[in-house]
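Bear in mind the structure is a predicted one, so any value in this text is a computation, not a measurement.
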Amino acid sequence: MKPLLVLCVVCTLVVLCVSMTAEQKLKNCNDVRAAYSSKGFNVNDVPNKGVNGAPLKVCPQGFSCCTVEMEEKLSQQSHTEIKAPVSRLSTNLQSTFRQRHDHFDKFFRELLKNAELSLHNMFVRTYGMMYVQNAELFKNFFEALTRYYVSGGTAVNLDSMLSDFWADLLERMFRLVNVQYEFSDAYMECVSRHTEQLQPFGDVPRKLRIQLTRAFVAARTFVKGLTLMPDVVNKVSTVSASPSCVRAAMKMLYCPYCSGQVALKPCQNYCLNVLRGCLANQADLDTEWNNFLDAMLSLAERLEGPFNFESVMDPIDVKISEAIMNMQENSMQVSQKVFQGCGQPKPSVAFRSKRSIKDTGFNGRFRPYSPDARPTTAAGTSLDRLTTDVKKKLKHAKKFWSTLPETVCAGERIEPGDECWNGTAKSRYESVVIANGLANQGLNPDVEVDITKPDTVIRSQIAALKEMTTWLKAAHSGNDISVDNDEETSGDEGSGSGCNSDNSDSPSCNEDDIYFSTPPNPGKPQVPVLAKDRSNRGVASQGGMALALCGLALALLAPHLR
């Protein structure tokens, strides 16, 4: 009995000593004055000794080192401090994807410029004056591709542009291989109308159309996705904290000051509940955010594979040259079909001029093409390197919004274990940690959240992500639905179900058929020569004469070329 009495006396003395120590700190408030001043506030705001805390609105109302004025200033400070890590994380995310957007955009634009330069250099050496006289056709072609990359279908109808390009090229070449005739504008319109039926360029236009459509839709949609990400992050991260969130943050971060415990940090689970209440609306963004990132990752895989912009643009000069050679080799058959369908043309008066073939300096054959080194890799990198890098960043950004509370409530900001601030004292935090999202915050013990009023800014960003995800899924199938088109948007988003008997050449169809790789040596096209038809020597002879007289045609018909 006596030992028990001694133990009780000792325990009582310990409690009294602890109580007296805390009370002594409250009486002089020296630690609070120093900590308050370090935040940039006027030290004279802090009372020298503890005062009655009854007027306080947030913190415990016993003896306190805080006044109402201090509580208001610390509330503002708590708002800043709880927002700072969220802002920093958001700013880092914005910066990361703005940089990736700039890298991709610069890369795609430089690829277009390099492809145009490569074609120009190659065609000047290979076709000489015949190309120079018609160079604006190819210049306009690349300008249209650039406009489509920048603005999409609202600026350029890609199918129509490509059809016009091949029709115009056919018209110009048709005049050159039939120099002995003259053609009216009406006659050439008849020729142009039958471009697809005649197939003068072989299968190159069809394959190139599908390749270009897929590559451009994938590239520009992916870049649009990289543009959207920083914009969404910026708008969501600047959403103002609610008054109840600021109140909860003040209680968590600075009420320990008022009790004289300036070094006391919040319990981790307490911090999680406060942050999940403050970021309830942001957490609701997570589902669509993750869906969007999955769609971006999926499209990145396409960019590395069959929709590779680089593998389409780099050898485009060779592909167009291949088409021209097809036309040359089949020029007599094409001409015969045209004459049958559009009528026999009139002989050219200019053809009978006194100028001889010798005067033109044309030797009847195209000059061999000996290419210099192809242009350096666009933007000093490659598409594979860019996509490898951005895929890592996209994966890292998943669940960004739902994990923000855990990211903030970590490290030096919290105190692990039970010796922490639980909102009222230095002790264990007993409440259950509430799940993420607005709908779960009705049970949050530390933040009052109106779950009936979702934030309008965040809801609009959820809608923007959802729409962009639809575009990304469509681009994954080679379809561009970013233009306002109710009929297209209402269809299957990403299955490529547009394949049917009437649409078997659409970019989302015939995948095995349309993907052709870059030739082993794309810088060295064949030297174009006239094809010989041994079964029809008369026709072959006529074709040889037509080709030999192309030089004369340049001089005589240049004014008539469009």
A.B. asks: Which residues pass the side-chain contact (heavy atoms from CB on, under 4.5 Å) test with V43, sequence neighbours left out?
C.D. replies: R33, S37
A.B. asks: Heavy-atom count check: over 12 atoms from other residues, nucleotides or ligands less than 6.0 Å from K399 NZ?
C.D. replies: no
A.B. asks: Which residues satisfy the ring-ring contact (aromatic ring centres under 6.0 Å, His included) test with Y148, sequence neighbours excluded?
C.D. replies: none
A.B. asks: Holding to side-chain contact (heavy atoms from CB on, under 4.5 Å), I want the full list of residues that pass it with K39, two or more places apart in sequence or in another chain.
C.D. replies: F41, Q77, E81, Y254, Y257
A.B. asks: Would C59 and C255 count as a disulfide pair, i.e. SG atoms separated by less than 2.5 Å?
C.D. replies: yes
A.B. asks: If the condition is side-chain contact (heavy atoms from CB on, under 4.5 Å), which residues does I434 pass it with, not counting sequence neighbours?
C.D. replies: N273, N440, Q441, L443, N444, P445
A.B. asks: Indicate yes or no for a side-chain donor-acceptor contact from E415 to the backbone of L264 under 3.5 Å, with no hydrogens or angles considered.
C.D. replies: no
A.B. asks: Can you list the residues that meet the salt bridge (Lys or Arg N to Asp or Glu O under 4.0 Å) rule with E448, with sequence neighbours excluded?
C.D. replies: none
A.B. asks: Identify, with sequence neighbours excluded, every residue that meets ring-ring contact (aromatic ring centres under 6.0 Å, His included) alongside F222.
C.D. replies: F104
A.B. asks: For residues 82-92, run the donor-acceptor check on the side chains, cut-off 3.5 Å, and write out each pair with its distance to 0.1 Å, sequence neighbours left out.
C.D. replies:
{"unit_1": "S90", "atom_1": "OG", "unit_2": "V86", "atom_2": "O", "d": "2.8"}
{"unit_1": "T91", "atom_1": "OG1", "unit_2": "S87", "atom_2": "O", "d": "2.8"}
{"unit_1": "N92", "atom_1": "ND2", "unit_2": "R88", "atom_2": "O", "d": "3.4"}

A.B. asks: Which residue pairs satisfy the salt bridge (charged side-chain N to carboxylate O under 4.0 Å, His left out) criterion with at least one member in residues 244-272, sequence neighbours excluded?
C.D. replies: none
A.B. asks: Can a donor-acceptor pair be found between the side chains of T452 and D450 at a distance below 3.5 Å?
C.D. replies: yes
A.B. asks: Please list, chain by chain and in numerical order, all residues satisfying side-chain contact (heavy atoms from CB on, under 4.5 Å) with D102, sequence neighbours excluded.
C.D. replies: none
A.B. asks: Going by disulfide bond (SG atoms under 2.5 Å apart), name the pairs with one or both residues in residues 407-472, residues two or more places apart or in two chains.
C.D. replies: C267-C420, C271-C409
A.B. asks: When you compare the side chains of D31 and Y36, does any donor N or O come within less than 3.5 Å of an acceptor on the partner?
C.D. replies: no
A.B. asks: What pairs with F97 under ring-ring contact (aromatic ring centres under 6.0 Å, His included), at least two apart in sequence or on another chain?
C.D. replies: none
A.B. asks: Could I get the full list of ring-ring contact (aromatic ring centres under 6.0 Å, His included) partners for F142, not counting sequence neighbours?
C.D. replies: none
